[in-house]
There are 2 protein chains.
Amino acid sequence: MINKLNFDDEYLKKLEQNICYNKILNMADTLDVLAGKWKIPIIVCLSFKPKRFSEISKELKTITDRTLSKELKYLEENLLISRNIIDEYPLSIEYEITEHGLSLTRILMVLREWGELHREKILEHHREDSQSVHKI
Amino acid sequence: MINKLNFDDEYLKKLEQNICYNKILNMADTLDVLAGKWKIPIIVCLSFKPKRFSEISKELKTITDRTLSKELKYLEENLLISRNIIDEYPLSIEYEITEHGLSLTRILMVLREWGELHREKILEHHREDSQSVHKI
DNA sequence: CAGGATCCCACAGGATACTG
DNA sequence: CAGTATCCTGTGGGATCCTG
């Protein structure tokens, strides 16, 4: 989670002087937690209520067991979800979003809002493009 | 930029009913704009002032020309930066962040803040772990 | 049911060399 | 200077099969 961006030493110094370096690292850390195809869907899926492995798998139908397993482990290590053993025999486990996981809600809201804005911008720009083509 | 998450049709329906589907897509779109090793550093680098290809390359020392070229094109297509031709002979081009690009500032702030919080959480958790080890 | 083990492919991004 | 073209490698994640 540290120095994913691989700046060279000299630039790091500059950035550090600008107090910029750690800021960029923190951004990268957050992106890391949300990166990939399935982390957000899993988080959203669990944000409604705790669910079991097979339930999540069913809801996100196209996810593979392997990937779901890895992602759940990752999210647990990052304290975003907890893995609760409900029954020993037969084995029954429930995944639940933590408070820390819920603190991502604000991020997701902001991401969603900007995504909407961005989509508008892009569409608007393409409309202008096709208009100017017609003008010619 | 559409349906990167590859849900199957039935799940899409459910999600659509929950108005959840488009929200997740918008989040994914925003992440897409920020994903990868270099997009944020480039945006931050240009957010101070317009710069030329070689200047950016120098500041982010370890980036390759190929990657910088591709990323600049991507960011331009997404209207986050503009490519301004300063001189024809000799060729001189300046990259400048757009207003839309600056609107990412809020996202980056929120990402940074959560990244700090997250780092604290993780470190705190590891401290607890090592304490309980010492207790034993 | 809740996963681990293996194999495989597509794609991001680095290294290097070349061009208008 | 401002890139493009080729080649190459590491990694995310799918497919498939296996286990406590």
Side-chain angles (χ1 to χ4, degrees), chain A residues 1 3-8 11 24 28 31-43 45-46 50-78 81-96, chain B residues 1 3-8 11 24 28 31-43 45-46 50-78 81-96:
Chain A
M1 115 186 194
N3 195 12
K4 281 260 167 53
L5 298 173
N6 259 329
F7 293 114
D8 70 296
Y11 187 56
I24 290 190
L31 284 188
D32 211 56
V33 163
L34 299 175
K37 187 173 172 179
W38 293 110
K39 296 197 187 72
I40 291 189
I42 293 172
I43 290 169
C45 172
L46 288 179
K51 278 165 194 159
R52 296 164 61 180
F53 192 93
S54 51
E55 291 183 278
I56 306 171
S57 175
K58 229 170 281 171
E59 292 205 23
L60 309 184
K61 250 170 184 164
T62 59
I63 196 171
T64 62
D65 289 351
R66 173 189 128 94
T67 302
L68 180 54
S69 173
K70 281 175 61 176
E71 294 295 48
L72 288 173
K73 203 167 288 175
Y74 176 89
L75 294 173
E76 195 198 353
E77 280 169 4
N78 279 272
I81 64 175
S82 63
R83 182 179 185 273
N84 311 320
I85 299 175
I86 304 298
D87 265 318
E88 294 282 357
Y89 309 101
L91 186 55
S92 162
I93 287 162
E94 201 174 71
Y95 292 92
E96 184 178 7
Chain B
M1 117 184 195
N3 195 10
K4 280 262 169 53
L5 298 173
N6 260 328
F7 293 115
D8 69 296
Y11 187 57
I24 291 190
L31 284 188
D32 211 56
V33 164
L34 299 174
K37 187 172 171 179
W38 293 109
K39 296 198 188 68
I40 292 190
I42 292 172
I43 290 169
C45 172
L46 288 179
K51 279 165 193 160
R52 297 164 61 179
F53 192 93
S54 51
E55 290 182 280
I56 305 171
S57 174
K58 230 170 278 169
E59 290 205 24
L60 309 183
K61 250 171 185 164
T62 60
I63 196 172
T64 61
D65 289 351
R66 173 189 128 94
T67 301
L68 179 53
S69 173
K70 281 176 60 176
E71 294 295 48
L72 287 173
K73 205 167 288 176
Y74 176 90
L75 294 174
E76 194 196 354
E77 279 169 4
N78 278 272
I81 64 175
S82 63
R83 181 178 185 275
N84 310 321
I85 300 175
I86 305 297
D87 266 316
E88 295 282 357
Y89 310 101
L91 187 54
S92 160
I93 287 163
E94 200 174 70
Y95 291 93
E96 184 177 4

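A, B, ... follow the sequence lines: proteins, then strands. Residue 1 opens every chain. These values consider heavy atoms only, across backbone and side chains, with no hydrogens, waters or symmetry-generated copies.
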Q: Closer than 3.5 angstrom, by distance alone: can the side chain of A:E76 be matched with the main-chain N or O of A:K73 as a donor-acceptor pair?
A: no
Q: Is any side-chain N or O of B:R66 under 3.5 Å from a base N or O of C:dG14, one able to act as donor and the other as acceptor?
A: yes
Q: If you draw the axis of the six-membered ring of B:Y74, does the NZ or CZ of B:K39 fall within 45° of it and under 6.0 Å from the ring centre?
A: yes
Q: How many whole angstroms separate atom CG of B:L72 from atom C1' of C:dG13?
A: 15 Å
Q: Side-chain N or O of B:K73 less than 4.0 angstrom from OP1 or OP2 on D:dT4?
A: yes
Q: Is the phosphate of C:dA2 approached by A:S54 (side-chain N or O, under 4.0 Å from OP1 or OP2)?
A: yes
Q: For D:dG12, does OP1 or OP2 lie under 4.0 Å from any side-chain N or O of A:W38?
A: no
Q: Assess the residue pair A:E59 and A:K51 against the criterion (salt bridge (charged side-chain N to carboxylate O under 4.0 Å, His left out)); give the C-alpha distance rounded to whole Å, side-chain angles, the decisive distance to 0.1 Å, and a yes or no.
A: CA-CA 10 Å; A:E59 292 205 23; A:K51 278 165 194 159; 3.1 Å; yes
Q: Side chains of A:I42 and A:Y95: does their closest heavy-atom pair fall under 4.5 Å?
A: no
Q: Tell me which of A:L91 and B:K70 sits closer to the 5' end of DNA chain C, going by the nucleotide each one is nearest to.
A: A:L91
Q: Examine distances only and state if a side-chain atom of B:E71 and a backbone atom of B:L68 form a donor-acceptor pair shorter than 3.5 Å.
A: no
Q: Below 4.0 angstrom from OP1 or OP2 of D:dA15, is there any side-chain N or O of A:T64?
A: no
Q: Looking for any heavy atom pair under 4.0 Å, which part of the strands does B:S57 touch: base, sugar-phosphate only, or nothing?
A: nothing
Q: Quick check on D:dC1: is either OP1 or OP2 less than 4.0 Å from any side-chain nitrogen or oxygen of B:R52?
A: no
Q: Taking CZ from A:F53 and P from D:dG20, how many angstroms apart are they, rounded to a whole number?
A: 17 Å
Q: How many whole angstroms separate atom CD1 of A:I85 from atom C1' of C:dA2?
A: 11 Å
Q: Nearest to the side chain of A:S69, which nucleotide is it out of D:dG3, C:dG14, C:dG3?
A: C:dG3
Q: So which nucleotide from C:dG14, D:dG3, D:dG14 ends up closest to the side chain of B:K37?
A: C:dG14
Q: Check the distance between D:dA15's P and A:L68's CG and give it to me in whole angstrom.
A: 14 Å
Q: Describe the nucleic acid contact of B:Y95 in one word from base, sugar-phosphate, nothing, applying a heavy-atom distance below 4.0 Å.
A: sugar-phosphate
Q: What is the nucleic acid contact for A:K39, judged by heavy atoms within less than 4.0 Å: base, sugar-phosphate only, or nothing?
A: nothing
